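Reviewing the structure listed below.
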Amino acid sequence: FSNVEKWDESTYRQLEAALISADLGVSVTQKIIADIKESYAIGEIKTSEDIINIATSRIKSILADDNRPLNINTTGPTILLMVGVNGAGKTTTTGKLAYKLKQDGKSVLLAACDTFRAAAIEQLKHWGQRIDVPVIAGKHGSDAAAIAYDACASAKAKNVDYLIIDTAGRQHTRQDLMEELPKILRVIRKNFPEAPHETILVVDGSTGTNALFQAREFGKACDVTSLAVTKLDGSGKGGVVVAIKDEHTFPIHFVGLGESPEDLQPFDPELYADAIFS
Amino acid sequence: NLSDALSNTFKTITGKSVLTENNIKEAMEQVRLALLSADVHYDTVNDFVGEVSRQCLGEKVLKSVKPSEQVVKVVHEELTRLMGTEEAEVNTSGDPAIIMMVGLHGAGKTTTCAKLANYYTGQKKKVLLAACDVYRPAAIDQLEALGQSIKVPVFSDRSTPDVVQIAQNALNTAKSEGKDLVILDMAGRLQIDEDMVQELIRVKERFNPGEILLTADSALGQEAVSVATHFDKALNITGIVLTKLDGDARGGAALSMRKVTGKPIKFITSGEKVSDLEKFRPEGMASRILG
Ligand SMILES: Nc1nc2c(ncn2[C@@H]2O[C@H](COP(=O)(O)OP(=O)(O)OP(=O)(O)O)[C@@H](O)[C@H]2O)c(=O)[nH]1
Ligand SMILES: Nc1nc2c(ncn2[C@@H]2O[C@H](COP(=O)(O)OP(=O)(O)OP(=O)(O)O)[C@@H](O)[C@H]2O)c(=O)[nH]1
Ligand SMILES: [Mg+2]
Ligand SMILES: [Mg+2]
């Protein structure tokens, strides 16, 4: 990449290739490039600058915007709801999050509200046993909202610090499945009117532009307030979150970097933006 | 969408002209953006656009057809051609035949194993599922539960982490019970995880499966090329299964993976029910990618 005085169409093409290859998607890539061209045209960019550094700092500011900490309940259990498409990493992230909170000295309860998929309840119970966290579960095929209700009642009675509710994977194109989400919200609010304190959309770090559609649709259905990006130990850069952050204000709280309990990190916009170009 | 974008590009062209380099260039930029928005890999798009550009150049603008429609037709035909022209064969020969399912975490391998087991049971084959994922919590439980729901037996062994041994014992069981087909459900893994890829190579070299199917999420982004290339180089995959087509991902990863490996897409899945499995149709995928 060259300094500004030598920037030409091929410089912008190279930047475009880097951003698209990192899964930022066409729209936000064009926006970033247009912004840079504009800044250059009005003399805002010094001729000694590197276009990569400029682009990185633009991305950092998109990612750092509204990056508030996790919303914690100060008068009772903090309720976290995990949602997202099939296979994104919700159950695993639930386990990792519970582990981290426990390490922080908090009391945690888990709710197995994926009552649909084969062995989903067993999978979460397995995690619960591994990290020594109790799991509220019912029978396979029972009503997910009913389990959520029981879990909230239990969280209230035990006054745990955190209740994390794991839900079934679903495609946002399935209206019937998406309608289950507001139902779960209503049921949670019977015991905790202010909950969920976070509704976390779990996104697979290797997903392309579809993650933006997931953010939109899940956002509409159950008012997503937070993002977790998984599988960033893979080759994917997870650039689609730049597109998501550009369009939505909710923070990215966690990144998943593997399959073990300790493979969860808080989101760092600086590291994330740098990694896009590495 | 692409048709509208192209209509705009060509609004000054009439039935007497020939598609020239300049108006092709502008049209191809629209095609490029459409394919990138569909998650087709950056390099794959450039190759594709180069090829389509050559095909469009000098084409007479037909009096009865809008130039934009002509370009869409060339693009659609080239996409369909790249997706594969005839229905891909599945190798079910062998005593027993072996299908090995590989791919990234959460792609849909375990679920697809059950769907394939159900599909071939419907074709009067005796199928045995083999639970070779010793890593993921309750993976064996998952395959066993699926097997029960479709009344297909599942071979599992919770006493050993040795995947080759589990596969061997599954095959021995299959032979002694006269099974026609064994489907090996492998754990999800990163294509860049050399140790885990090595595990797949060991299984392949020992048992020589007639089918090694890379299972990929249709929402996979730009990593599709890296994923497909790594798995293909390591295993010489025989085909690809594309999953979660009931979502609204355009599925450009399918084009990238097909182009970079040359391997056929054999099946698609579009739901969580056991019946949500179909043989791949190239024409349908081309339309979906174009949006
Ligand atoms: N390498 C890696 N694998 C992950 C990560 N997070 C989850 N996985 C794996 O991804 C696969 C799917 O994870 P799950 O937690 O079952 O995903 P899910 O969203 O609960 O799936 P459904 O409930 O079926 O929709 C499993 O093999 C996990 O071990 C991660 O950060 N890195
Ligand atoms: N909507 C939809 N969901 C699917 C499809 N195929 C699989 N799934 C779901 O995707 C999730 C992951 O499927 P699995 O079969 O567990 O994926 P896997 O590749 O075996 O995952 P790992 O073993 O962890 O690597 C589950 O919730 C499945 O029910 C599909 O075609 N459509
Ligand atoms: Mg789950
Ligand atoms: Mg599996």
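Side-chain atoms are counted along with the backbone in the values below, which use heavy atoms only and exclude waters and symmetry mates. Predicted, not measured: the structure shown is a model, and the values here were computed from it.
- Comparing A:Arg130, A:Gln30, A:His126, A:Lys125 by heavy-atom pairs within less than 4.5 Å of chain B, the highest count is held by A:His126.
- Only the side chain of B:Ser226 comes within less than 4.5 Å of a heavy atom of chain A; its backbone N, CA, C and O stay farther away.
- For a heavy-atom cut-off of 4.5 Å, chain A lies close to B:Arg136, B:Pro137, B:Ala138, B:Asp141, B:Gln142, B:Ala145, B:Leu146 in residues 133-147 of chain B.
- Separation of atoms CG (B:Asp39) and CG (A:Asp23) is listed at 6.5 Å; rounding is to 0.5 Å.
- Taking a 6.0 Å sphere around CD of A:Gln103, one finds it holds more than 12 heavy atoms contributed by other residues, nucleotides or ligands.
- With values rounded to the nearest 0.5 angstrom, A:Lys231 atom NZ is found 9.5 Å from B:Leu190 atom CG.
- Within a 6.0 Å sphere centred on CD of B:Gln148, heavy atoms belonging to other residues, nucleotides or ligands number 12 at most.
- Evaluated for a side chain to side chain contact (heavy atoms under 4.5 Å, CB included) with B:Glu272, the options A:Arg174, A:Gln171, A:Arg117 yield exactly one hit, A:Arg117.
- Rounded to the nearest 0.5 Å, atoms CG (B:Leu36) and OG1 (A:Thr209) are 10.0 Å apart.
- A:Asp233 CG to B:Ile192 CD1: the interatomic distance, rounded to the nearest 0.5 Å, is 7.5 Å.
- Nearest heavy atom pair, residue A:Asn210 against residue B:Ala219, reads CB-CB, 4.1 Å.
- Only the side chain of B:Arg32 has a heavy atom closer than 4.5 Å to any heavy atom of chain A.
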Verify side-chain contact (heavy atoms from CB on, under 4.5 Å) between A:Val85 and B:Lys244, making sure each step is shown before the conclusion. CA-CA 10 Å; A:Val85 298; B:Lys244 307 177 201 171; over 6 Å; no
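- Contact annotation for A:Glu259: only side-chain heavy atoms (C-beta onward) come within less than 4.5 Å of a heavy atom of chain B.
- Taking every heavy atom of both residues into account, B:Tyr42 and A:Glu16 meet most closely at OH-OE1, 2.6 Å.
- Within 6.0 Å of CD on A:Glu38 lie no more than 12 heavy atoms contributed by other residues, nucleotides or ligands.
- For A:Arg216, the CZ atom counts as densely surrounded, since its 6.0 Å shell holds more than 12 non-hydrogen atoms of other residues, nucleotides or ligands.
- No hydrogens or angles considered: nothing links the side chains of A:Ser206 and B:Glu223 as a donor-acceptor pair under 3.5 Å.
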